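Everything numeric in this text was worked out from a predicted model, so none of it was measured.
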Amino acid sequence: MSPWRLAWRNLQRNRGRTGISVLALAVSTTLLVVFHGMVYGLDDLVSRGAVNLGVGEVEVHAKAYGLDQSIYATLPTADAIVERARSRGIDAARRALGGGLLSSGEKSSGVRIWGVDPAAERALGKLPSHLKAGSYLPDTNGNRVVLGSELARILGAKVGDRLALIVQAMDASTSTEMMTVDGVLESAGEQIDGTVAIIDRRDFDALFGTDGKVHEVALSSHFQLPEEQVVAVAKSVAGDAADVQTWRAVLPAVANVVDITRSSAGLFSFVFFAAAGLGLLNTMLMAATERIREYGILKALGATPWRILTDVAREAFLLGSLSACAGGAVGLAAVFALESHGIDLSKFGKLSLSGVGFESVWRAHASADGVLVPVLGMLLVTVAASLYPALKAARLEPVKAIAHV
Amino acid sequence: MRVLFATVLVAFSLASAPHALGAEQAPPARAEPTQADLAAILDYVDDLYSSRSSHTAVTMHVVTEHATRDMGMETWSKGEDRFLVRILTPEKEAGMATLKSGTNVWNYFPKINQVTKLSASLMNAGWMGSHVTNGDIVKHNRMSQSYTYVKSFEGDREGQGVMDLTLDPKPNAAVVWGKVVVVVRRSDRNPVQIRYYDESKALAQTWAFSDIKRLGGRDVPTTIKVVPANKPGEFTELRYRSMELNVALDDALFSQRSLQK
């Protein structure tokens, strides 16, 4: 009889115990696969929130801009960056940035004004479709403004209202314009909600006298290219005269949370593996103790310690394979289901982290390592947990073992 | 100090009568001035452009690192704390106006037909992009009351007889400066220069007075140049083109309704 067949038959000798062990390991594997899927999904939720709701995968500014966000720190290579990015299949949008005072009747608020190309923003991210009311800016300018949700609340403004915008232009003169509210954004995090007013870049030029100059270029490959590649495309044009930053550098607090979440997945897996391993160790020890006399007879008949050890390990490997594969399959099915349907978190209110808002549905993310790490890890733990009982069995003295009661 | 500039900007406006020690006549110079003499000099400087009411025409030349602008303005003032400034040129800003009444300041923007009250957070912002801050307009401190003062120099400098008064803020005075040096001409007490220092005694702003001419029946410096210490090459220069003092002005002129006309 082959050693594998022998191991398989050994597993069937106590079907109840084997069944419980398989079930316990399979459930553990399932939970780990689902946990990894949800953690990766959370990463996606957070990073896509950061990328899609404003930042882009990569942002480029003039080096001087970072110091005090001066309106004079414009980016001369913006057009060339956009052209190069689009030639590589990367969406890019120019933004002119400034400050001002927006008033509605007696209410007024300091605002951060984004002068945007509406069509480019629609191609770049989800912010233009992230609306609570109204519409995003049309492709023709006409002194329209889209407000962050909290800003609209502060000003008591709704779609169609006319607001007074007062800014200091580049020549330090005071510039004013009446703006019609075109839309109000859905919550997109504190940074946007409370302060951002989005207008057409042509209207921005007329107000600020920026004459086509911009302060920022946002780039996004929609996660089709590694961030480093997008950075390289921007740097190939911008050179050292500009700051080219990934969203992780622009929003380090959010990036840290993503990293911490990933690390916690590793820690969680370790605890699970340790618990499963100790449980299995107990089971295998019991099985080995029950068969001491058998091992004694096998050794008396000439079985080597290696043969005994590998027999036990094979048994554990089969047990682990069965459990991990079953658990992995169920877990993967659950991940697919959670990826498709997600968990609606909207009842917990607005979701945001460090000023970046997220979509309200938390979906799992199926990935190869999200399945392989739990499955292979569980298999490895199973085999490792069998080694101690296997070693004990392999080192038995035949006479004593046969006399064991 | 209701600083010269609550004087300047407003200087285009200020006013009030032949004040105590009066703007009409400078106190005579003495060999060794007493504290009362020094106080009189500070009051004279404070009230330089004041009268019961005033009506002036002023131009403002603003030079910053990035742009140079010129603005023409007309100003009216009545009493200590009411004034109105209306921008006449350039066309883009024509009609914009600032009204001060008591401690409140409003701006009017004709293009959007909007009156906005200046919030406390904007007090450090430059008025209409100049180096004169909104806070300079609002403040009302008189130098002789908010500071202790000593004569720190008297003699000839650059061919002109001058006297320096060094001012330190009184402990509870609501002033922003850590030190002020007022330089006046010995001959008529007209200011030559005022230097403002921050709390760490570093120079923050210099106001230089020149072009003494007879306006509104007084010999006053008609050009005031404000130079920020931390922005090399930048300055704001105010030039008085005309000044009428003690003119009859209706109180209604200093109302929000009037602001929008």
Side-chain angles (χ1 to χ4, degrees), chain A residues 62 64-65 67-74 76 96 98-113 143-145 154-155 157 161-181 194-195 197 199 203 205-211 213 215, chain B residues 60-73 85-98 104-134 226 228 230-231 233-237 256 260:
Chain A
Y65 186 78
L67 300 176
D68 54 5
Q69 304 195 337
S70 162
I71 194 168
Y72 302 107
T74 54
L101 185 76
L102 199 56
S103 301
S104 174
E106 292 291 305
K107 298 171 181 171
S108 63
S109 180
V111 291
R112 189 88 187 120
I113 303 164
N143 294 326
R144 297 182 179 87
V145 63
I154 292 168
L155 295 173
D161 284 358
R162 285 170 61 74
L163 309 180
L165 181 58
I166 304 167
V167 307
Q168 190 174 65
M170 284 187 96
D171 66 356
S173 65
T174 302
S175 196
T176 61
E177 192 56 81
M178 292 303 294
M179 309 295 292
T180 304
V181 179
T195 58
I199 67 175
D203 294 334
D205 281 346
L207 262 170
F208 286 88
T210 31
D211 195 26
K213 299 183 184 77
H215 305 89
Chain B
M60 185 163 78
H61 180 62
V62 182
V63 176
T64 67
E65 181 187 351
H66 305 282
T68 298
R69 300 163 56 223
D70 287 288
M71 298 167 75
M73 297 173 286
V85 185
R86 197 181 301 281
I87 297 173
L88 305 175
T89 58
E91 190 179 349
K92 181 188 171 194
E93 290 161 282
M96 290 184 185
T98 296
N104 294 319
V105 177
W106 293 270
N107 283 326
Y108 172 64
F109 303 99
K111 186 175 180 184
I112 55 176
N113 192 27
Q114 187 88 9
V115 175
T116 59
K117 187 176 176 183
L118 224 57
S119 67
S121 62
L122 291 174
M123 286 304 158
N124 287 328
W127 182 82
M128 298 291 172
S130 72
H131 298 92
V132 180
T133 68
N134 292 317
V226 182
N230 62 347
K231 294 177 180 172
E234 294 196 7
F235 65 89
T236 292
E237 192 171 77
Q256 287 191 51
Q260 299 180 51

**Message:** side chain to side chain contact (heavy atoms under 4.5 Å, CB included) for Thr176(A) and Gln114(B)? Distances and angles first, verdict last.
**Reply:** CA-CA 9 Å; Thr176(A) 61; Gln114(B) 187 88 9; over 6 Å; no
**Item:** Asn230(B) atom CG: more than 12 heavy-atom contacts under 6.0 Å
**Value:** yes
**Asked** Can you pull the salt bridge (charged side-chain N to carboxylate O under 4.0 Å, His left out) pairs that have at least one residue in residues 109-130 of chain B, sequence neighbours excluded?
**Response** Glu177(A)-Lys111(B)
**Request:** Indicate the atoms forming the closest heavy-atom contact of Ala67(B) with Asp171(A), along with that distance.
**Result:** CB-CA, 3.5 Å
**Asked** Heavy-atom distance under 4.5 Å to chain A: side chain of Met96(B), backbone, both or neither?
**Response** side chain
**Request:** Could you tell me which residues in residues 98-105 of chain A have at least one non-hydrogen atom under 4.5 Å from a non-hydrogen atom of chain B, sorted by residue number?
**Result:** Ser103(A), Gly105(A)
To the closest 0.5 Å, what do you measure between [atom1] ([X]) and [atom2] ([Y])?
| X | Y | atom1 | atom2 | result |
| --- | --- | --- | --- | --- |
| Phe109(B) | Thr174(A) | CZ | OG1 | 5.5 Å |
| Thr64(B) | Met170(A) | OG1 | CE | 10.5 Å |
| Lys92(B) | Ser173(A) | NZ | OG | 2.5 Å |

**Engaged part of Met178(A) at the chain B interface, taking heavy atoms whose separation is under 4.5 Å** = both
**Prompt:** Ser108(A) versus chain B, heavy atoms under 4.5 Å apart: side chain, backbone, both or neither?
**Reply:** neither
**Message:** Checking Glu237(B) now: which residues fulfil side-chain hydrogen bond (donor to acceptor under 3.5 Å, both in side chains) with it, not counting sequence neighbours?
**Reply:** Arg239(B)
**Residue selection (most heavy-atom pairs with chain A, distance under 4.5 Å) from Met128(B), Glu65(B), Glu93(B), Met71(B)** = Glu93(B)
**Request:** Under the salt bridge (Lys or Arg N to Asp or Glu O under 4.0 Å) rule, collect the residues that match up with Arg86(B), sequence neighbours excluded.
**Result:** none
